Amino acid sequence: AVTSLNKKPKEAINLYKQYIKLDNTNAYGYNDLAYLYAEQTHDYLTALKYATKAYKIAPLDPNVLDTLGWVYYKLGNYNQALIYVKAGFEIQANPIAANHLVTIYKALKQDDLANAVPQINDEQINQQVLQDVLDNLVKYLFQQHFGIELQ
């Protein structure tokens with residue numbers, strides 16, 4: 001959602017602020033708002049405020065972890081950035097997180113680790129999503145048809 005509003009950051013920020021007023025328990029509103037502040041403004045402390053709020057709501061969400069880490073990167077705290085971006089990437093690899101991880105490793109002058117980050121493309125993501133859907137469908141069918149719950 002954020003990328004479609006990148007050309008109008010002020011409007012996007014206002015919309016997300018309205019959204020979180022309507023639903024202050026949804027981490028994605030805070031997360032997207034934090035990412036907008038991090039990418040479209042230089043107000044990294046406000047970005048940190050919203051990223052931290054998203055993290056409190058959804059501490060294991062890979063997108064939330066990536067955003068919080070990216071905000072720390074923007075603040076120049078590369079070690080803290082690495083903790084969160086790497087954790088998010090390990091949960092769910094995606095092209096943005098891979099790019100963030102490489103950037104942080106390079107900022108830490110760890111080029112060997114930067115070069116070791118696997119590059120993820122959209123086709124790989126689509127394949128993984130399809131595989132996840134198929135796995136869940138098989139589990140559902142086994143449960144419905146045979147009464148067996150697969151792990």
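Numbers here are sequence positions counted from 1. None of these values were measured; they are calculated from a predicted model.
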I57 and T25: side-chain contact (heavy atoms from CB on, under 4.5 Å), yes or no, with the steps?
CA-CA 7 Å; I57 296 169; T25 62; 5.5 Å; no
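- Using a 4.5 Å heavy-atom threshold, the side chains of I13 and E11 count as separate.
- Within a 6.0 Å sphere centred on NZ of K53, other residues, nucleotides and ligands contribute 12 heavy atoms or fewer.
- With rounding to the nearest 0.5 angstrom, the OG1 atom of T103 is 11.0 Å from the CG atom of L108.
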Given N26 and Y19, is the side chain to side chain donor-acceptor pair (under 3.5 Å) satisfied, shown in steps?
CA-CA 9 Å; N26 188 322; Y19 173 69; 2.8 Å; yes
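- Heavy-atom minimum distance, A38 versus K74: O-CE, 3.5 Å.
- Partner Y105 forms a side-chain contact (heavy atoms from CB on, under 4.5 Å) with one of L82, N115, V85 and no other, that one being L82.
- Taking 4.5 Å as the limit, some side-chain heavy atom of I20 sits within range of a side-chain heavy atom of L33.
- The closest side-chain donor-acceptor pair between Y28 and D61 falls under 3.5 angstrom.
- Clustering ILVMFWY residues whenever any of their side-chain heavy atoms sit less than 4.5 angstrom apart, transitively, puts F89 in a cluster other than the one holding L65.
- Smallest separation of non-hydrogen atoms from A27 and A58: CB-CB, 3.7 Å.
- Summarising the geometry, atom OH belonging to Y72 is positioned 7.0 Å from atom CG belonging to N77; distances are rounded to the nearest 0.5 Å.
- Using cut-offs of 30° and 60° for the angle between ring planes, the Y35 and H100 rings count as tilted.
- Contact record, V71 with A51: CG2-CB, 4.2 Å, taken as the closest heavy-atom pair.
- One N or O on the side chain of N94 and one on the backbone of A97 form a donor-acceptor pair closer than 3.5 Å.
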Would D66 and L101 count as a side-chain contact (heavy atoms from CB on, under 4.5 Å) if you check the C-alpha gap in whole Å, the side-chain angles of each, and the deciding distance to 0.1 Å?
CA-CA 9 Å; D66 180 69; L101 194 53; over 6 Å; no
So E90 and K86, side-chain contact (heavy atoms from CB on, under 4.5 Å) or not? Walk me through it.
CA-CA 6 Å; E90 288 173 353; K86 186 176 178 187; 3.2 Å; yes
Between side-chain atoms of residues 41-50 and protein atoms elsewhere (two or more places apart, or another chain), which donor-acceptor pairs fall under 3.5 Å?
| from | atom 1 | to | atom 2 | distance (Å) |
| --- | --- | --- | --- | --- |
| T41 | OG1 | Y37 | O | 2.6 |
| T41 | OG1 | D43 | N | 3.0 |
| H42 | ND1 | Y44 | OH | 3.3 |
| D43 | OD1 | T46 | N | 3.2 |
| D43 | OD1 | T46 | OG1 | 2.9 |
| D43 | OD2 | T46 | OG1 | 2.7 |

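- Residues T67 and D32 fail the side-chain proximity criterion, which asks for heavy atoms closer than 4.5 Å.
- Y84 and I96 fall into different hydrophobic clusters, defined by Ile, Leu, Val, Met, Phe, Trp and Tyr side-chain heavy atoms under 4.5 Å apart, directly or through other members.
- From K56, atom NZ reaches atom CG of L68 across 11.0 Å, with rounding to the nearest 0.5 Å.
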Could you walk me through whether Q119 and V102 satisfy the side-chain contact (heavy atoms from CB on, under 4.5 Å) test, starting with their C-alpha distance in whole Å, then the side-chain angles of each, then the deciding distance to 0.1 Å, before giving a yes or no?
CA-CA 10 Å; Q119 295 305 302; V102 167; 3.9 Å; yes
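- Every residue two or more places apart in sequence or in another chain that forms a ring-ring contact (aromatic ring centres under 6.0 Å, His included) with Y73 is listed here: W70, Y78.
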